[in-house]
There are 2 protein chains.
Amino acid sequence: MATITQIARDLGVSISTVSAVVNNRGYVSAAMRARIEEALREADYHPDQIARSLRRRETCTIGLIVPDFRNTFYAHLMRGAEDYLSSAGYRLIVADSREDWQRQKDYLGLFSGKTTDGVILVPSFATDEQIAATPGLLRGTPLVYVDRSPLEVQLDTVLVDNTRAAYEATAHLLDLGHRRIGIITEPLNLLNAADRLRGYKRALRAQGLASDVKYIRQGDNREDSGYWRALELFKLPHSPTAVLVCNNQMTMGTLAALRDLHLVCPQQVSLIGFDDFECAGLLNPPVTMVRQPAAELGAAAAKAILKRIRDPKRQPREHVVLPTHLVVRESTASPASSRKR
Amino acid sequence: MATITQIARDLGVSISTVSAVVNNRGYVSAAMRARIEEALREADYHPDQIARSLRRRETCTIGLIVPDFRNTFYAHLMRGAEDYLSSAGYRLIVADSREDWQRQKDYLGLFSGKTTDGVILVPSFATDEQIAATPGLLRGTPLVYVDRSPLEVQLDTVLVDNTRAAYEATAHLLDLGHRRIGIITEPLNLLNAADRLRGYKRALRAQGLASDVKYIRQGDNREDSGYWRALELFKLPHSPTAVLVCNNQMTMGTLAALRDLHLVCPQQVSLIGFDDFECAGLLNPPVTMVRQPAAELGAAAAKAILKRIRDPKRQPREHVVLPTHLVVRESTASPASSRKR
DNA sequence: CTGAAAGCGCTAACAC
DNA sequence: GTGTTAGCGCTTTCAG
């Protein structure tokens, strides 16, 4: 593979002149430029990105870590980020933490080794200590959180308005006449989950209802945990007539639980899920869902990280909040019918 | 950020000794090693990957280019590749070509600039010339094709047994008694599409049936094209009683077309799709599908590229072929019922 | 066992 | 306008 040194020597000119034309900077006479360009083309020269990065101390690469490639929510987020970055002359490399703190740690370590100029992170579930230790792993590489964030952050974040989203979903249920509403949350030591719970409580309070701890169940984010938490909820003496499930996998689990309990949705139980996905409208019944602007989250996070890279110490930290949208389908109905059971 | 030079100077030892302990090679006395390790830990030293890559002329990174992050088939493929690579000490960076040759070209150019040690490619649809030009874009960086490949390749490939898959699917339809079977293919200048068509024809021939060009329609791979090709097919005078659709997006489109034509599946028309996906079982009706081992494809491709990197000129080229599996659901039935219409 | 030194390919002052 | 040169941080002979 041709190097710049080679080309320069073959042409009998200096390296820096060649470099100048490659990078389109500095003054080079038209004749010289033409000669060099010709040689470059002929040799099919492409600069060695590694050498360039070493020298420039930047890679024009952003790392993105998500908990699961296969979740279409993250797939859309990835695409949104990639879109923004590629049009800004950056490239994106993505990694899958599998909701595993250790893997996430490894990737952060990797991305911090000057391989990326910044990283966008959907933090995986973890203990409070692990969560607190996360930013340190980057040793200076700029970081922005997207979709999820620690409860208290001194970093940029890009989230949806989770409080409001849960508030609206709960209000929808209340409007339909539900009074006993359950919620299955994600781990509450991450802000989005905590905010969703807050929105839920706030909506109840707005109707003069107290929230009842026995209707509040914490899952992780897998189908399984949705199944088991739903089972607990609906085996309660005064079981809820509606439930808000805080992510898409758990929503599937909840649906399975309802089926196993022979509870018909929405006639006996109303259901709202979070994180809309392709299948949601195909499920039986089609599930009412809080839709998040996944691609926009990715793009906003990309924008935020580039801004942070340009000005690492900018204050205050940026907190982008995007709106969600309740997609009403057929899994929610008035509880009137459920009294008949 | 601490560099190896810093550490060495602070300790009053030579750089190479520190390097030896960092890389765990060469002879260093136990005492010296302990001292250095201590300092390394204290400084929270992590080698600069860029500098290391420049020197070693390898990056331990593999690039993977797929046509669409959001297609769960590719998401699973990505995960399979990542799995294999990370356990082999490599990392994966993935890019989304959006089925666009120009974007794919850009990424190949990027990956060839010594940023990756090899690339795994699901080639995007393109003209024959573009397809032929693809490997050259890598300028020497090892390449393996996965899922799709050019008709004639002098490179390693990892594919499923497309001919057999289509043969089995078609045979299933024939067994049910169908005689007029349509097929909606992907662009035929890629081997997988050509092979699927071949399997379809072979199955017909095995029953002494000639394939009829008017039942063969070429789409791309989007829902749209499935919709339109299906419309054409079922508006034919002697329209088919069954159809084989060669990917998952087009399968959705075909289903929509059937609905718009008021053709009931499977009573009036039987349908088999390719590339099983989460929603397939939830569709109405649940669609019979050819399931491909997506994660295994990814893993096999990862294995193949590492092998190729280790021995760039190994002959012959490797052609891994993985089996598929027909998942029979409710979109296929005997055409007996269809005579009633 | 440890150290000195060359150099991976490129960029960016700074001379000329 | 063009050339010289000093590194970026690291690995790797090769001496001692």
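Chain identifiers are assigned alphabetically (A, B, ...) following the order of the sequence lines, protein sequences preceding nucleic acid strands; residue numbering begins at 1 within each chain. Values below: all heavy atoms of this structure, side chains included; hydrogens, waters and symmetry mates excluded.
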Atom pair distance, as rounded to whole Å: [atom1] in [X] and [atom2] in [N]:
| X | N | atom1 | atom2 | result |
| --- | --- | --- | --- | --- |
| Leu11(B) | dG3(C) | CG | C1' | 14 Å |
| Ile50(B) | dG9(D) | CD1 | C1' | 11 Å |
| Arg9(A) | dT4(D) | CZ | P | 13 Å |
| Ile15(A) | dT11(C) | CD1 | C1' | 10 Å |
| Ile4(B) | dT12(D) | CD1 | P | 11 Å |
| Tyr27(A) | dC16(C) | OH | C1' | 18 Å |
| Ile36(B) | dT2(C) | CD1 | C1' | 9 Å |

Point to revise | Main-chain N/O of Thr59(B) paired with Arg91(B) side-chain donor or acceptor, under 3.5 Å | key: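 Present.
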Using the side-chain heavy atoms of [X], tell me which of these nucleotides is nearest: [options].
| X | options | result |
| --- | --- | --- |
| Val13(A) | dG9(C), dT11(D), dG3(D) | dG3(D) |
| Arg57(B) | dA12(C), dC8(C), dC1(C) | dC8(C) |
| Ala51(B) | dG3(C), dT11(C), dG9(D) | dG9(D) |
| Arg25(A) | dG3(C), dG3(D), dA12(C) | dA12(C) |
| Arg52(A) | dG9(C), dT2(D), dT11(C) | dT11(C) |
| Asp48(A) | dA12(C), dC10(C), dG9(D) | dC10(C) |
| Arg55(B) | dC1(C), dA6(D), dG7(C) | dG7(C) |

Exercise for review: Have a look at Ser16(A) and say if it touches a base, only the backbone sugar-phosphate, or nothing, with a 4.0 Å heavy-atom cut-off.
Suggested key: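 Base, at least one base atom sits under 4.0 Å.
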Check your understanding: With a 4.0 Å cut-off on heavy atoms, is Thr3(A) in touch with a base, just the backbone sugar-phosphate, or nothing at all?
Key ->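 Sugar-phosphate, no base atom in range.
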Review point. Considering residues, nucleotides and ligands other than Glu58(A), do more than 12 of their heavy atoms fall under 6.0 Å from its CD?
Key: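 Buried by this count: over 12 neighbours within 6.0 Å.
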Exercise for review: Before accepting this row, confirm whether a basic side-chain N of the pair Lys114(B)/Asp48(A) lies closer than 4.0 Å to the acidic partner's carboxylate O.
Suggested key: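 Judged by the 4.0 Å cut-off on N to carboxylate O distance, Lys114(B) and Asp48(A) do not form a salt bridge.
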Point to revise | Side-chain heavy atoms of Val160(B) within contact of Leu297(B), under 4.5 Å | key: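 Val160(B) vs Leu297(B): side chains touch.
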Point to revise | Nearest-nucleotide 5' precedence on DNA chain C, Arg56(B) against Ala30(B) | key: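 Looking at the nearest nucleotide for each, Ala30(B) comes out on the 5' side.
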Point to revise | No-hydrogen, no-angle side-chain donor-acceptor test under 3.5 Å, Thr17(B) and Ser14(B) | key: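 There is such a pair between these side chains.
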